Amino acid sequence: MLEINRIKAEKSELIERLKVRNFDATTIFNDLLTLDEKWRETKTELDKISAESNKIAKEIGMLFGQGKVEEANKAKDKTANLKEKSKTLTQQVNELANLITQKLYEIPNIPHPSVPAGNSDEDNEIVFEDAPKQNLPKNALPHWELAKTYNLIDFELGVKVTGAGFPFYIGKGARLQRALINFFLDEARDAGYKEIIPPFVVNEASGYGTGQLPDKEGQMYHCQVDDLYLIPTAEVPLTNMFRDVILKNEDFPIKITGYTPCFRREAGSYGKHVRGLNRLHQFDKVEIVRVEHPNDSYGVLDEMVAYVESLLKKLELPYRKLRLCGGDIGFTSALTYDLEVYSAAQERWLEVSSISNFETFQANRLKLRFKDENKKNRLAHTLNGSALALPRILASILENNQTEKGINIPKVLIPYTGFDKI
RNA sequence: GGUGAAUUGGCAGAGUGGUCGAAUGCGGUAGUCUUGAAAACUAUUGUACCGUGAGGUACCGGGGGUUCGAAUCCCUCAUUCACCGCCA
């Protein structure tokens, strides 16, 4: 969520930068500034009325204390009018404040100057790209065929027990999955991230804190009886740990990681993009989260991207790095890098990681602040990234490493799987 | 799930209708003293908002109510603790 003061101070510049997202903020900014003006006026008036009633109430108290009951009762008459006014003004102030936050919720984050303009994923900027692997056997299979052949994943069983998008991992498939989780967590720990196991279900306030609500309401599973949401990513509980927190300068850097299953309704997805492991309703992911001083956050973003790249290199997967364009970047993000691995048999790149700097966008909603050198509270910067999302990594490992005699496990994983071939 | 007790500032803890944004202690910060430190002493010490400023407003778990006036009374929700029940 943007700060209204920032809109006031940098209006035209922000409008310009939001154009990169194809978001025309002119009207909403003007509305907001008018509303803010109105709110300010009403608030000041209300404060005056309150001050007056407080004063009278105090006087009455004093009169009673001195035993001047009659005078006190007379003073009471003066308050009726004030009370009435205060009531209507309070209502107006609340209404205006609600309208303002509602409007603020509609505005996406301001893109970083380096975000390229564009309308869709086709306009993303390719920063780096490996050559796809060429040495596949003649009739190379997509991972869903491999999963069936080697009995690693049972999609139909998932359909029977739960529904589409909820596969069963079986035998070596399950162990490979678990190996990846442990590998990712160990790597993260070595890189200085503290491991967290958060709740997999969160309340409404947390949904708002990281920005899943209200904009992505339909994407989360909602347990209505208890009004709780299944997490779509560990980002939600991990970042909300810092909701309503005031950090000290020396608390930085904050580096945490967590493995969680992720639940996504993926309403509206269809076709080859949901085939096999490409898009699931439940999947596993290790997430890294940072809370940082505003001065450091972009250096940290680069560091995070480099870290996730190092994982892909260790897994020996061909990958590419994209800087998302204005049309593809997430609502809450200021700058996002996507990492995609090559799926040899499908002959497409699959997104396995998305690493973003949210600057103060989440922090403002979270009220996540730190005391700066001058002991002023300032909003911190939050960042996160997948490190990594499992299914597509699994898909890519299966497809890229298939041979006529079976599937080779990447060297770094063998200590974790306990086998080197499927 | 049932019954009872509780929820106050960074922490501990007072406050049961009026001058309480809130005693006191600890902690934090600054100063005095000291060669330096400790101790002692003195001062200061929450957050947000409105206002150029003086100043003002709001906040004692959340929400609502009673009252001229609420940390204090009432309703409601949440959380914590204790005991009982159930249970991985």
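Numbers restart at 1 for each chain; the letters A, B, ... are given by sequence-line order, proteins then strands. Owing to the predicted nature of the structure, the values given are computational and were not obtained by experimental measurement.
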Would you measure the distance from the [atom1] atom in [N] across to the matching atom in [M] and give it in whole Å?
N: rA12(B); M: rG51(B); atom1: P; answer: 37 Å
N: rA14(B); M: rU24(B); atom1: C1'; answer: 7 Å
N: rA71(B); M: rA58(B); atom1: P; answer: 10 Å
N: rG63(B); M: rU52(B); atom1: C1'; answer: 37 Å
N: rG56(B); M: rG61(B); atom1: C1'; answer: 27 Å
N: rU19(B); M: rG10(B); atom1: P; answer: 23 Å
N: rG65(B); M: rG17(B); atom1: C1'; answer: 16 Å
N: rA6(B); M: rC87(B); atom1: P; answer: 32 Å

Verify the contact: side-chain N or O of [X] to OP1 or OP2 of [N], cut-off strictly under 4.0 Å; return yes or no.
X: Arg369(A); N: rU47(B); result: no
X: Asn73(A); N: rC68(B); result: no
X: Lys83(A); N: rG69(B); result: yes

Inset, instruction - Would you mind telling me which of His293(A), His381(A), His112(A) makes a ring pair (Phe, Tyr, Trp, His ring centres under 6.0 Å) with Tyr298(A)? - result: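 Answer after filtering His293(A), His381(A), His112(A): His112(A).
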Inset, instruction - Could you check whether Asn54(A) gets within reach of a base, just the sugar-phosphate, or nothing at all, counting any heavy atom under 4.0 Å? - result: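 Touches sugar-phosphate only.
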Inset, instruction - Could you tell me whether Ala75(A) contacts a base, only the sugar-phosphate backbone, or nothing, with contacts defined as non-hydrogen atoms closer than 4.0 Å? - result: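 Counting heavy atoms under 4.0 Å across all strands, no contact is made by Ala75(A).
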More than 12 heavy atoms from other groups under 6.0 Å of [atom1] on [X]:
X: Lys48(A); atom1: NZ; value: no
X: Arg178(A); atom1: CZ; value: no
X: Lys38(A); atom1: NZ; value: no
X: Gln91(A); atom1: CD; value: no
X: Met241(A); atom1: CE; value: yes
X: Lys371(A); atom1: NZ; value: yes

[N] [atom2] sits how many Å from [X] [atom1], rounded?
X: Ile49(A); N: rC68(B); atom1: CD1; atom2: P; result: 17 Å
X: Lys367(A); N: rA48(B); atom1: NZ; atom2: C1'; result: 9 Å
X: Leu63(A); N: rU19(B); atom1: CG; atom2: P; result: 14 Å
X: Leu82(A); N: rU57(B); atom1: CG; atom2: P; result: 13 Å
X: Leu379(A); N: rA48(B); atom1: CG; atom2: P; result: 10 Å
X: Ile246(A); N: rA48(B); atom1: CD1; atom2: P; result: 6 Å
X: Glu204(A); N: rC77(B); atom1: CD; atom2: P; result: 18 Å
X: Lys55(A); N: rG55(B); atom1: NZ; atom2: P; result: 16 Å

Legend entry - Partner set under side-chain hydrogen bond (donor to acceptor under 3.5 Å, both in side chains) for Tyr416(A), not counting sequence neighbours: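 Checked Tyr416(A) against side-chain hydrogen bond (donor to acceptor under 3.5 Å, both in side chains); matches are Asp186(A).
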Inset, instruction - Flag this pair as yes if the NZ/CZ of Lys172(A) is under 6.0 angstrom from the six-membered ring centre of Phe419(A) and inside a 45 degree cone about the axis; otherwise no. - result: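 Satisfied, under 6.0 Å and within 45°.
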Inset, instruction - Would you give the length of the straight line joining atom OG of Ser12(A) to atom CD of Glu16(A), rounded to the nearest 0.5 angstrom? - result: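 With rounding to 0.5 Å, OG (Ser12(A)) is 8.0 Å from CD (Glu16(A)).
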Legend entry - Nucleotide pairing, RNA chain B (Watson-Crick or G-U, distances under 3.5 Å), in dot-bracket with [ ] and |: ((((((((.[[[..)..(.....]]]((((((.......))))))(((((....))))).[[[[[..)....]]]]])))))))....
Legend entry - Closest-nucleotide 5' rank along RNA chain B - winner of Ala57(A) and Asn94(A):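 Its nearest nucleotide being more 5', the pick is Ala57(A).
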Inset, instruction - Starting from the 5' end of RNA chain B, give me the residue, Lys371(A) or Ile60(A), whose nearest nucleotide shows up first. - result: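 The 5'-side residue here is Lys371(A).
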Legend entry - Side chain Asn400(A), main chain Tyr342(A), donor-acceptor under 3.5 Å: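 Looks like yes, one N/O pair under 3.5 Å.
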Legend entry - Residues from residues 37-48 of chain A lying under 4.0 Å of RNA chain B - heavy atoms: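 Within residues 37-48 of chain A, the residues near RNA chain B are Trp39(A), Arg40(A), Lys43(A), Thr44(A), Asp47(A).
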Legend entry - Per Ala51(A) side chain, nearest of listed nucleotides rG56(B), rU47(B), rU19(B):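 Shortest atom-to-atom distance from the side chain points to rG56(B).
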